[in-house]
Amino acid sequence: MDGIIDFFDLNLFKAVLRMATPLVFAAMGGLLSERSGIMNIALEGLMLSGAFAAVVGTYYLHNPWWGLLVALIVGGLTALIHAFWSIGLRSDQIVTGTAINLLAAGTTVFLIQRIWAQSGRTPTVQKLPDVAAQVNVLVPIAFLCVPIVYFFLKSSKLGLRVMACGEHPQAAESVGINVSLLRYGMVMMSGVFAAAAGAFLTIGSLGLFTRDMTAGRGFIALAAVIFGNWMPFGTLAACILFAGAQAFQIQAQTKGIGISADLLLALPYVLTIIAIAGVVRGSRAPAGLGQHPTPN
Amino acid sequence: MGTGWASQHNAAWRSTAVTVGTSILAVTIALLAGAVFIAVSGHDPIESYRALWNGAFGSRRAVGETLAASVPYIFGGLSFAIAYRAGMFNIGIEGQMVMGGLAAGLFAGWDLGLPAVVYVPTSMALALLAGGLWGSIAGVLKAATGAHEVITTIMLNYLAFRLLSFTVLETDKHLPVDPQLQATHMAPPEARLPIILSGTRLHAGLIVGILAAILLWYLLFRTTFGYNVRTVGLSRGAAAYAGIRWGSTVVAAMFVSGGMAGLGGGSETIGLLGQQYNSPQGYGFTSIAVGLVGRNHPIGVIAAALVFGVLRSGSNAMQNQVGTSREIVLVLQGLVILAIAGLAASGRIKAWWARRRRTTMPTDEFSNTIGVEPGVTPEL
């Protein structure tokens with residue numbers, strides 16, 4: 001019994017929080033984009049560009065807060081590419097998202113080589129402060145974003161309009177809502193949130209950028225949105241589940257408990273597939289996801 | 001004159017020319033944008049591209065490497081193409097390649113002492129089966145529950161990576177794996193795809209890939225199944241009206257798609273490397289670009305795969321000689337996808353503009369604009 005109490009210590013709790021943080025940020029961004037009706041598999045690339053921009057900003061401006069600001073701006077602008085192609089040109093949103101991911105993966109490593117003549121990793125830069133031992137200031141901010149997004153969507157006029165765009169863009173357009181404008185805004189916000197997620201990985205945690213350091217977290221965040229049924233708190237729970245499995249596995253290894261790390265890590269993916277397949281309640285996407293307000 | 005078969009024939013050729021032209025234009029735009037990118041970052045774009053070209057074709061060895069680099073892209077592009085034709089966006093190519101590579105790697109790693117004529121085809125068949133089954137999971141989920149394949153295939157990718165890791169880290173010696181090296185055992189020579197250009201690493205996977213492309217072309221354009229796949233992909237409603245069963249067609253298309261990816265994984269494992277390591281190869285996303293540039297046509301895919309093979313194999317030489325980071329290749333892939341998507345939009349905008357001006361468009365012109373849509377060619 002001592003073993004079990006030992007296992008669930010404060011470190012495990014903090015590890016879950018740390019690992020959930022980038023997922024929560026990115027998932028809140030993905031949620032806004034999807035709720036407005038634009039599919040966003042570009043989260044991975046947006047996060048990567050934010051992670052990199054945070055290091056570049058901090059490096060040149062000598063202050064991680066400025067670095068964070070640079071990251072948020074770069075994330076928003078990168079998302080603008082996705083928005084223009086998806087909304088303006090009405091390209092396939094998955095195709096565009098894939099392009100963003102490839103662009104971000106290439107550009108970041110390319111620029112590391114260019115700026116520091118190093119391959120694959122940047123020098124270490126100053127990090128954002130911790131609010132408690134091993135809890136970066138971005139951790140509580142991430143969790144605070146969840147109720148903010150919740151009340152934005154449920155209670156603000158703008159948020160309700162965003163949801164109208166996602167549910168029925170034609171109807172929204174017919175009552176005078178500028179669907180395209182709102183969608184541009186939400187996709188750019190998804191870039192801002194994803195960049196915050198990326199910035200946490202660099203200036204909130206590791207202190208430097210390495211190639212492909214997001215390692216699929218953008219995709220996991222998207223899965224969390226869907227697992228969470230496109231609801232902010234449901235998405236939060238899904239993020240904690242994904243982070244929990246990861247933290248649990250690391251804890252199990254440090255404590256020398258013989259559970260296969262791979263099987264443990266596979267669990268959230270299996271659960272997500274089950275959730276998407278609709279076995280758990282009626283998982284339902286915004287009805288107007290991927291649709292445009294007017295033909296052509 | 002000008003009516004009947006001859007004009008239809010002409011129209012078909014014209015739309016093919018437009019389709020091919022669009023891809024060439026997209027690649028050109030991407031290369032030009034890439035040149036600007038290189039120039040802005042302080043390198044000489046012409047020097048960079050020249051070094052890339054020489055790196056890809058400068059010697060017999062270089063040509064072998066370039067062709068070998070194209071092989072996984074051929075399979076990946078075919079995988080993307082057939083799924084896209086059925087209206088499915090297969091983002092799970094990476095995972096399906098892992099499953100194929102693992103199946104072939106384990107079977108070959110067992111060193112069963114079979115003759116090469118039996119061992120190699122069996123290994124490849126297992127790779128096809130493993131990838132195909134993995135792909136059809138997404139098909140079944142889509143058909144049975146409507147679960148979006150983009151999400152299910154992403155999840156299946158991570159599951160495949162975990163399964164790969166779990167397998168090669170197995171320590172009980174039930175499986176032909178080396179947990180220290182984190183790989184399957186090295187395949188014996190009689191289980192390897194033979195080298196087809198001596199002095200290089202170019203293996204028979206290239207021939208398998210070209211044969212697969214021809215077979216897939218036949219399947220898509222000369223069989224009822226292919227007709228069903230294309231109809232389902234163009235319009236689910238029309239398919240239902242024509243009495244085509246949507247669900248089973250989607251599952252079958254995803255099996256073939258996953259099978260192609262599986263073959264790609266298998267050919268890397270028993271062709272290029274000889275064993276499956278505990279790391280996905282990373283061809284999945286590039287395969288999407290290959291499929292799109294190849295206009296989801298099997299023959300177009302081969303051409304596109306060669307282009308991406310050239311970029312990949314030449315990029316190392318470029319980095320070594322001129323100092324331009326080889327990651328420019330990823331940037332070019334992203335740019336080419338954006339260019340293809342943008343050109344598709346230009347066709348739509350033209351059609352919209354024409355309707356707005358209330359001018360009647362010749363049917364030919366209109367079919368051209370449709371021909372610019374990714375994945376949708378007018379020849380049904």
Side-chain angles (χ1 to χ4, degrees), chain A residues 39 41 45 81 85-86 88-92 94-115 117 119-120 211-212 216 219-220 222-223 225-227 260-273 275-279 283 285 289 295-296, chain B residues 37-38 41-43 89 91 137-138 141 144-148 150-152 154-159 161-167 169 282 285-286 288-289 292 319 323-342 344-346 348-349 351-352 355 373-375:
Chain A
M39 287 188 270
I41 69 157
I81 304 174
W85 253 262
S86 302
L89 299 179
R90 299 193 174 187
S91 303
D92 186 317
I94 308 291
V95 168
T96 310
T98 306
I100 302 291
N101 291 339
L102 287 166
L103 279 175
T107 310
T108 48
V109 183
F110 187 90
L111 289 178
I112 294 173
Q113 176 86 22
R114 177 70 202 124
I115 298 173
S119 73
R211 71 158 59 206
D212 291 329
F219 293 121
I220 308 294
L222 189 63
V225 173
I226 290 155
F227 198 177
S260 159
D262 290 308
L263 292 188
L264 209 52
L265 289 175
L267 197 64
Y269 305 123
V270 177
L271 289 175
T272 305
I273 291 176
I276 298 165
V279 179
S283 179
L289 196 59
N296 246 313
Chain B
F37 194 89
I38 293 172
S41 74
H43 293 284
F89 202 104
I91 263 188
I137 296 175
L141 287 170
T145 71
H148 202 297
V150 166
I151 300 301
T152 53
I154 288 173
M155 294 303 108
L156 286 166
N157 278 348
Y158 290 109
L159 270 184
F161 303 161
R162 300 269 64 99
L163 199 65
L164 169 65
S165 172
F166 181 72
T167 309
L169 292 176
F285 285 105
T286 306
I288 295 172
L292 292 174
Q319 178 164 329
T324 309
S325 168
R326 64 189 164 93
E327 260 62 31
I328 188 72
V329 170
L330 284 177
V331 178
L332 289 174
Q333 288 172 9
L335 289 173
V336 86
I337 295 178
L338 287 182
I340 288 261
S346 79
R348 261 197 307 280
I349 290 164
W352 171 79
R355 273 208 308 279
E373 288 274 347

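Residue numbering restarts at 1 for every chain, and letters A, B, ... go by the order of the sequence lines. Computed over heavy atoms, backbone and side chain alike; hydrogens, waters and symmetry mates excluded.
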Looking at [options], which makes the most heavy-atom pairs under 4.5 Å with chain B?
{"options": "A/I112, A/I220, A/T96, A/I273", "answer": "A/I273"}
{"options": "A/I81, A/N101, A/V270, A/I94", "answer": "A/I94"}
{"options": "A/A117, A/A261, A/S91", "answer": "A/S91"}

Please look at [X] and chain A and tell me whether the side chain, the backbone, both or neither of the residue comes under 4.5 angstrom of a heavy atom of that chain.
{"X": "B/I154", "value": "side chain"}
{"X": "B/L169", "value": "side chain"}
{"X": "B/L335", "value": "both"}

Among [options], which residue has the highest count of heavy-atom pairs closer than 4.5 Å to chain A?
{"options": "B/V329, B/L330, B/T324", "result": "B/L330"}
{"options": "B/L159, B/I288, B/L156", "result": "B/L159"}
{"options": "B/I137, B/V150, B/L141, B/L163", "result": "B/V150"}

>> Checking B/R162 now: which residues fulfil salt bridge (Lys or Arg N to Asp or Glu O under 4.0 Å) with it, not counting sequence neighbours?
In response: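 B/R162 satisfies salt bridge (Lys or Arg N to Asp or Glu O under 4.0 Å) with A/D262 once adjacent residues are dropped.
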Report the distance from atom [atom1] of [X] to atom [atom2] of [Y], rounding to the nearest 0.5 Å.
{"X": "A/Q113", "Y": "B/Q319", "atom1": "CD", "atom2": "CD", "value": "5.5 Å"}
{"X": "A/L102", "Y": "B/E327", "atom1": "CG", "atom2": "CD", "value": "11.5 Å"}
{"X": "B/I337", "Y": "A/L103", "atom1": "CD1", "atom2": "CG", "value": "8.0 Å"}

> Tell me, side chain or backbone of A/I100 under 4.5 Å from chain B's heavy atoms, or both, or neither?
Replying inline: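 Contact with chain B: none, neither part.
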Looking at every non-hydrogen atom in both residues, tell me the closest pair between [X] and [Y] and how far apart they are.
{"X": "B/M155", "Y": "A/A223", "value": "CE-CB, 3.3 Å"}
{"X": "A/W85", "Y": "B/G342", "value": "NE1-N, 3.5 Å"}
{"X": "B/V331", "Y": "A/G106", "value": "CG2-C, 3.6 Å"}
{"X": "A/A99", "Y": "B/G334", "value": "CB-O, 3.5 Å"}
{"X": "A/G216", "Y": "B/Y158", "value": "CA-OH, 2.9 Å"}

Below 4.5 Å, heavy atoms only, C-beta onward: do [X] and [Y] meet side chain to side chain?
{"X": "A/F219", "Y": "B/N157", "value": "no"}
{"X": "B/I151", "Y": "A/I41", "value": "no"}
{"X": "B/F89", "Y": "A/T98", "value": "yes"}

>> Once side-chain hydrogen bond (donor to acceptor under 3.5 Å, both in side chains) is applied, what residue pairs with a partner in residues 331-340 of chain B remain, sequence neighbours excluded?
In response: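 Of all non-adjacent pairs touching residues 331-340 of chain B, those that pass side-chain hydrogen bond (donor to acceptor under 3.5 Å, both in side chains) are B/T286-B/Q333.
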>> Before you tell me yes or no, could you show the steps for A/T107 and B/F37 under side-chain contact (heavy atoms from CB on, under 4.5 Å), namely the whole-Å CA-CA distance, both residues' side-chain angles and the distance that decides it to 0.1 Å?
In response: CA-CA 9 Å; A/T107 310; B/F37 194 89; 3.6 Å; yes
